[in-house]
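Each chain gets a letter, A, B and so on, in the order the sequences are listed, and its residues count up from 1. Values below: all heavy atoms of this structure, side chains included; hydrogens, waters and symmetry mates excluded.
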Amino acid sequence: MFNKLFKSSKATFQTFNVLYLVLLLGGALYALKKFHNYMDIYEEVILFGSVGFFSWLGWSWNHFKKIMILVFVTSLCAIQLYQGALNNNEQVFLLKYLISSQSAIMWMNVFFVLSLLLYWLGLLKENNLIDDIASSFTSVAVLFGFIGLLVRWYESYLIGLDVGHIPISNLYEVFILFCLITSLLYLFYEEKFNTKKLGAFVLIVINAAVGFILWYTFDRHADGVQPLVPALQSYWMKIHVPANFIGYGSFSLAAMVSVAYLISSKKILTSYLPKSAVLDDLIYKSIAIGFIFFTIATILGAIWAAEAWGGYWSWDPKETWALIVWLNYAAWLHYRIVKGLRGSILAWWALIGLVVTTFAFLGVNMFLSGLHSYGQL
Amino acid sequence: MKSTAINPKKINQLLSSMSFAVSMLVFLGIASIIGTILKQNEPYENYIIKFGQFWFGFFEKIGLYDVYHSIWFLTILLFLVLSTTLCIIKNTPTILKDFLVFKDSLEEKSLLSFSHHLVIKNKKSVNTSKILYYLKEAKFKIKEKSKENGDVLIIAKKGNYQRLGYILTHIGVVVICLGGLLDGNLIFKAQEIFGYKKIETLDLPASKVPEVSRLGISNTSFRANMTLAEGSSDNVAFVRMKDGYLVQDLPFKITLKDFRINHYSTGMPKSFESDLIISDPELSQDITKTISVNHPFTYKGIAIYQSDFQDGGTRLNIKLRSLLNPGNSQKIEGKIFDKVKLDKDQITYEFNDFKKFNVLHLKEGEKEKPRNVGPSVTYKVRNNAGQAREYLTYQYAMPIDGRSFFISGMRETPQEEFKYLKIPADAKGSIEEFMLFKDALQNKTLIEAVAKKMANQSASEDKNNEVKESFEKSVIKLMILFAQGGFSKIAENVDKNIPDNEKQKAVQTYLKIIDIASSEIYKDRLNLPNKELNQSRIIFIQDALNAYSDMFFYGVPYYFELISYEQKEASGLQLTKSPGQFWVYLGSLSLVLGIFSMIYLHERKLWLLIKAKGGVILALSSNRKNIDFENDFRKLIQEIKKIIH
Ligand code: HEM
């Protein structure tokens, strides 16, 4: 029942594609018309660049397109309901309980937790129906997460015109981004390899991030929108950060599939999990994607640093750790491709890679100080 | 003896091997980790404090304070470049050949030796054009060759650029590293080793720095800093290096017209902007330009960035209110980075920093927004023996726990946290009432009068004159003791003179007397005789007594009251010339394109031998034999079979 929502018949396929493009392009043109006074040329390029990127993603992956259409429509509804007054998030029922950014993000958290539980239930009971529901729940969580971020973007402008900015600027926000990107990558491969068994593993990292979001919200009260410090006020942020998180997300995915691989090679759940050749291929593919995006992100970071700090490379701890992560995966790829290495060693290595990546992402902010100390724990 | 001749071929093999490259990557990684764990380029004193003299010297020798510019780090980088270059040289010929040539010399036997091949037997009159059409549709590039024996060999290739990806990627790495080295300080390092240049370690004005520590206008690559106060100009910048610096001469002069910080409504900084005037003798007119974070300006290949800011010599009007001598206050004028000596007290005020905005989190841990509490001054007070304490004083009272306090912090060494003196502000938000009260506490006549009054009040119950007098005397004694040293003086006294088992009771009594006496003193000074004090006044008195007691640990006999100021800021600029930047970007582009094509293009090579005698042999190969390859092979033989049958 749930995944019917996300399955389409061929007849509607083309209509959807057209509708999708119209929606994206129309939105971008409307934004350009209404806000061009506030945008510089780079931001306009990014705007239409993202229309291209999202169209391409949507056309090559139908499921993504449907999620995005729902996201856009719902977010527009939310914006309509706000009527330009922030305190409507307490007054209007739909906003308060469903689609204000805070509520949407909470729903995202709820659905992620539920899908983790269901995936495990499905795995242990070896039941495909439960897996299907779990997978749909992940989609729903992604839906809510994107709505939450988009509405938060709008809300930030309601707080103050000079405060408003894209919600990828502090740890709270990027953790949400991390959850979304990792889930999308996973959902993509789930569909492509027709296996819902890996959700039980992948959802573990996602739920770790959910735990962090909850802790940040309830214990630290750090979920508010903060204005941007001068160094972050740059269009580069809009591409540097997402590219980075596609990298982090893919590396996490690779690590969690490696866990599945290692378990399967210990003759546990072997018959139920995908074949080890499939797992191995999946690990390679997601590290490869991650490597590309991480490379791009690091280069973009360097270009940005050249503009903000006066040098494309300053050996700042965050930069240096990005390099370490990069070198690690470069070595991984070489061992696999040039030496033809396969099997448990690479899986363990991918898992250790996640530890290194996590340190680059969080540890640097916690333990080392530097120019990048924007999101302090 | 056998000579151990070095075999260049072997060395080449080693250097271009992947294991060698990967070990270089690992070394690079480890070195980088060291550099992030040990804070780089700190002032050398910090390292001495941290490691002690012996280890400090050792770590200095092996370049741990600037890992990324140390000889060994650069050597690793050079080896990586070398190994990657050799690797490219080794692999490129094969790759180019693969890319350009259709291998049409293969015979039936070699096709059969491919791991992925298919043999269709005894099929006559194969429709070649249909196969060719299919292959074209599937985006193969095709070459046909008829053999002497009538066989036809179709050679088809796809995803050919994947092979070029290797070259692009690895050349990218080499170009990036070389670009980076171009911007590093290799040239200076060489000059330093041969004694042409030397790092200056003395604190000299730029014009006095000798030639050997100056970098000329012609220097091709540098990253230097410059601090300009508003209204001032300069044509040199400083390159910090190890425990000293070098002076970088600039081909133009920069003047700072104005520096601004804009703020959000929360008090957080929103932008840092400098209005610059650039005067170049080669130009008839000056260039005016505003730079800000993320918006640098480049002139003559030198990019000028907004990097930080500091005080540029703000003028301060200060009232020093004596804490120990009633009514005694004096006005002084100062300037940040200047000193003022008070001859009478044998102390010197050294003004270090002024901040116009201080955004503080006043309630810790709670969901309270940080707020701007206004200006502050940091200064040192040095005595004649040369010892100094550091102070941080805010101009205005700030709300803490629902009350309002003037805050002034003191510490003896920079490693310590500040300890704060909290003086309660009165209802008007001023410090006057505390000062009035403090003076009154030190006023002996007033103390005597209050003591008398208290004695009389208590005497109505107890008519004994002697008791009354002794009570009066002890109140006076207690209050004078308090006036001389606050609560700790009282505690000291109790410790010395009262037996252990009575201490607690005595302390309670004393505190009560001090409470009553100070209330009386307070009422007297504020003309509130015989009135019941309201709650906020009672709390004020408590806070004032605490502040009065803490005063004795404050270390300087004056309260520093900032009356007014005339702010002057200085902008921190960074100037860089980096000819390598272009190459780094170019290499990056090559790297990204290369990785993309290596990972996303799938190279496929196909041979189809259509035999004149009937039958077809098909073989598929790729440099990556993975699941995708298997799928492609399966699909291909399906289609070909369909066409042929
Ligand atoms: C920091 C240095 C290097 C980086 C970033 C780098 C990067 C890469 C990347 C991204 C790939 C493609 C992996 C894939 O297709 O999934 C690759 C492949 C390869 N690299 Fe490197 N590489 C470096 C140094 C070297 C060195 C020094 C050698 C030589 C010993 C080398 C030899 C190779 C070879 C032979 C391939 C496989 C090419 C093919 O079969 O298509 N690499 N490298």
Interface residue of largest heavy-atom contact number with chain B, from A:Thr295, A:Thr298, A:Asp280, A:Ile299, under 4.5 Å: A:Ile299
Can you tell me if CZ on B:Phe79 sees more than 12 non-hydrogen neighbours from other groups inside 6.0 Å? no
Among A:Ile303, A:Leu323, A:Ile296, A:Val163, which residue has the highest count of heavy-atom pairs closer than 4.5 Å to chain B? A:Ile303
Enclosure of A:Asn87 CG (heavy-atom neighbours >12, cutoff 6.0 Å): yes
Any side-chain heavy-atom pair from A:Lys275 and B:Ile627 closer than 4.5 angstrom? no
Between chain A and each of B:Asp183, B:Asp308, B:Ile37, count heavy-atom pairs under 4.5 Å; write down the option with the most. B:Asp183
Kindly assign one of parallel, tilted or perpendicular to the pair A:Trp315 and B:Tyr68, based on the angle between their ring planes and the thresholds 30° and 60°. parallel
Mark yes when over 12 heavy atoms from residues, nucleotides or ligands other than A:Ile345 sit less than 6.0 Å from its CD1; otherwise mark no. no
Taking all atoms of both residues into account, what is the closest heavy-atom pair of B:Ser32 and A:Thr320, and its distance? CB-CG2, 3.3 Å
Options B:Pro269, B:Gly180, B:Ala303, ranked by heavy-atom pairs under 4.5 Å with chain A, top entry: B:Pro269
Are the side chains of B:Val584 and A:Trp313 in touch, meaning some heavy atoms are under 4.5 Å apart? no
With a 4.5 angstrom heavy-atom cut-off, is it the side chain or the backbone of B:Gln581 that approaches chain A, or both, or neither? both
Please indicate whether B:Trp72 has more than 12 foreign heavy atoms, meaning atoms of other residues, nucleotides or ligands, lying under 6.0 Å from its CH2. yes
Working to the nearest 0.5 angstrom, can you tell me the gap between B:Met18 CE and A:Tyr335 OH? 5.0 Å
Let me know if A:Ala306 has heavy atoms under 4.5 Å from chain B in its side chain, its backbone, both or neither. both
Minimum side-chain heavy-atom gap B:Thr36-A:Val364 below 4.5 Å: no
Hey, what do you get for CZ (B:Arg624) to OH (A:Tyr284), rounding to the nearest 0.5 Å? 5.0 Å
Can you give each donor-acceptor pair under 3.5 Å made by side-chain atoms of residues 230-238 of chain A, sequence neighbours left out, with the distance rounded to 0.1 Å?
residue, atom, partner, partner atom, Å
A:Gln233, NE2, A:Leu228, O, 3.2
A:Gln233, NE2, B:Tyr264, OH, 3.0
A:Gln233, NE2, B:Lys270, O, 2.9
A:Ser234, OG, A:Trp236, N, 3.1
A:Trp236, NE1, A:Glu307, OE1, 3.4
A:Lys238, NZ, A:Glu43, OE2, 3.0

Can you name the closest pair of heavy atoms from B:Thr576 and A:Gly310 and give their distance? CG2-O, 3.0 Å
Check whether A:Val356 gets within reach of chain B through its side chain, its backbone, both or neither, counting any heavy atom under 4.5 Å. neither
Toward chain A, the part of B:Gln40 with a non-hydrogen atom under 4.5 Å: neither
So which atom in A:Leu327 and which in B:Gly29 form the shortest heavy-atom distance, rounded to 0.1 Å? CD1-N, 4.1 Å
Do you know which two heavy atoms are closest between B:Val293 and A:Ala308, and how far apart they sit? CG1-O, 4.3 Å
Pairs where residues 581-593 of chain B contributes a residue and the test salt bridge (Lys or Arg N to Asp or Glu O under 4.0 Å) is met, not counting sequence neighbours: none
For atom CZ of B:Phe357, decide whether the heavy atoms of other residues, nucleotides or ligands shown that lie under 6.0 angstrom number more than 12. yes
Under 4.5 Å from any heavy atom of chain A, what part of B:Ile176 do you find: side chain, backbone, both or neither? neither
Closest non-hydrogen contact found for B:Val22 with A:Ala331 is CG1-CB, 4.2 Å
Contact summary for A:Ser314 and B:Arg223, nearest pair of heavy atoms: OG-NH2, 3.0 Å
Within the structure provided, determine whether B:Leu25 and A:Trp326 are in side-chain contact (heavy-atom separation under 4.5 Å). no
